[in-house]
Protein chains: 2
Amino acid sequence: MDADKINEVREFNRFYTRTLQLTNKYHLGTGLTVLESRLLLEIYENKLQTANELVALLDIDKGYLSRVLKSLVKRGYIEQTIDNADKRSKLLTLTVLGHNTLNTINKRADQQVDQLFKGLSDQEINQVISAMDFIQNKVNLD
Amino acid sequence: MDADKINEVREFNRFYTRTLQLTNKYHLGTGLTVLESRLLLEIYENKLQTANELVALLDIDKGYLSRVLKSLVKRGYIEQTIDNADKRSKLLTLTVLGHNTLNTINKRADQQVDQLFKGLSDQEINQVISAMDFIQNKVNLD
DNA sequence: GTCGTTAGTTGTTTTTGTCAACCAAATACA
DNA sequence: TGTATTTGGTTGACAAAAACAACTAACGAC
C-alpha cells in the first residue's frame, strides 16, 4: 500500500477518533465512568454473565474488575447472585437503575450521532452509512 | 434520523473503536505512554508550542501536564526554552530523540494499517479509502 | 506603580490499575 | 475415594495516572 493511501487512512483515523471521542464520553452526566458504562453494556446487551467473561473480553485485571463490580453493586447498578451450577461464580444482572442508566447513555449517544449528521440530506446520510458499512465489511479484522 | 440508521452508526463506532483505534496504540514498544506520544505529535506535526496550547487542545489538567512535560524533558524527548517575548511561557521543541521516536511510532502505525488492509485488492482498498474520504467530508464536526 | 490576569509549578489527594497471595468450589485422576 | 490441580473470585499492598487547589512570577491595562 503506498504512502499516499496510508496517509489518508491515518488522517481518517485521527478525524474519526477525534469525532468519536465526543460520542465515546457516554458516561457524562450519568455518574458512571467509561469503564463502568461499558460493563453495563456488555452485561446487558451482550449478555455477559460473569466477571470472568468480562475479564476475557475486556482484557482487564480481575482484581480490579472485582472491585469495580463491588462498587457498582454498592451503588445499585447491578446485582450479583451465586450461580447454583457453579458456586464459585456469580451471575451479573442489571438492576432497574442500571437498566435506566444504560438507556440514558444510549439515548445521549444517539443525540450525539444526530448532532453529527445534522444538516445532511437523507441521501447524504444514506451514503455515509453505506460507506461505513463498506468499510466495516472490507477491513480485515483478526 | 431513524432508529435503524442510528443503530448502524453506533455499530460502526464500536467497530471502529475496536479495530482502527488499534492503530492508535502508538506508544507500544517506544517507552512512551499514549498521552506522551500524543504530545510529541501535537508539538511536532501540529506545531503547538506551549503547555498552554496543549492544555486547551487536549482538555487536560495543567498541573498534570506540567509534570508530564518535565518528565519528557528529563528523559530527553523534548526541550523547553523560555520565550523571550513572554518570559512566563516556555516554547516546546522535539529533540532528535523525540523526533526519531515519533518517526518510529508513525512507521509502526503504518504497518498496522497495512496489516488491516491485507488481502484486499487495489480496487477494494481504493473503495475503502474513498468511503473514508466521503465520511470525513460529510460528517458534521464542531 | 498597582491590580487583575495568565503561564506554569508544586503539594496533596483521589482514581485507576497492577501484582501477588489467598480462599473456596470444581475438576482431574490415581 | 482421596489427593492434587485448576478455576472464579476476593483482598492487601503498591505504583501510575490524573484531579484539585494553592502558589509564584511575568504580563497587560490603566
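Reminder, nothing fancy here: chain letters follow the sequence lines and each chain counts from 1. Below, all heavy atoms of this structure are taken into account, side chains as well, without hydrogens, waters or symmetry copies.
- Under a 3.5 Å cut-off, the side chain of A:N137 and the backbone N or O of A:D133 do form a donor-acceptor pair.
- Terminal axes of the helix from C:dG1-D:dC30 to C:dA30-D:dT1 (five pairs each, C1' rotation axis) are separated by 20°, to the nearest 10°.
- Proximity of a side-chain donor or acceptor of B:T30 to a complementary backbone N or O of B:T101 within less than 3.5 Å is not detected.
- For the pair A:S71 (side chain) and A:R67 (backbone), a donor-acceptor distance under 3.5 Å is absent.
- Side chain of B:S66 to main chain of B:K62: no donor-acceptor pair is present (N/O by atom type, distance under 3.5 Å, no hydrogens or angles).
- No hydrogens or angles considered: nothing links the side chains of B:N46 and B:E53 as a donor-acceptor pair under 3.5 Å.
- Not a single donor-acceptor pair under 3.5 Å links the side chain of B:E42 to the backbone N or O of B:L39.
- Inspection of the B:Q127 and B:D122 side chains reveals no N or O donor paired with an N or O acceptor under 3.5 Å.
- In the displayed structure, A:I82 atom CD1 is contacted under 6.0 Å by at most 12 heavy atoms of other residues, nucleotides or ligands.
- Of the possible donor and acceptor atoms, one in the side chain of B:T95 sits under 3.5 Å from a partner among the backbone N and O of B:G76.
- Between the CG atom of A:L69 and the NZ atom of A:K90 there is a distance of 9.5 Å, given to the nearest 0.5 Å.
- Contact footprint of chain B on DNA chain D: nucleotides with an atom under 4.0 Å from a non-hydrogen protein atom, first to last in 5' to 3' order, D:dA17 to D:dC27.
- With sequence neighbours left out, the ring-ring contact (aromatic ring centres under 6.0 Å, His included) criterion links A:Y44 to A:H99.
- When DNA chain C is scanned in the 5' to 3' direction for atoms under 4.0 Å from non-hydrogen atoms of chain A, the outermost contacting nucleotides are C:dT16 to C:dA26.
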Exercise. Going through the distances and angles, do B:R75 and B:E36 end up as a salt bridge (charged side-chain N to carboxylate O under 4.0 Å, His left out)?
Worked result: CA-CA 12 Å; B:R75 285 145 66 210; B:E36 287 168 339; 2.6 Å; yes
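- Of all the residues in residues 72-87 of chain A, not one reaches under 4.0 Å from DNA chain D with any non-hydrogen atom.
- Between the B:S130 side chain and the B:N126 main chain, a donor and an acceptor come within less than 3.5 Å of each other.
- A heavy atom lying under 4.0 Å from DNA chain C marks the following residues of residues 44-71 of chain A, by number: A:D61, A:Y64, A:R67.
- Residues A:L97 and A:L91 do not share a hydrophobic cluster, defined by chaining ILVMFWY side chains whose heavy atoms lie under 4.5 Å apart.
- Here the NZ atom belonging to A:K70 is positioned 13.0 Å from the CG atom belonging to A:L65, to the nearest 0.5 angstrom.
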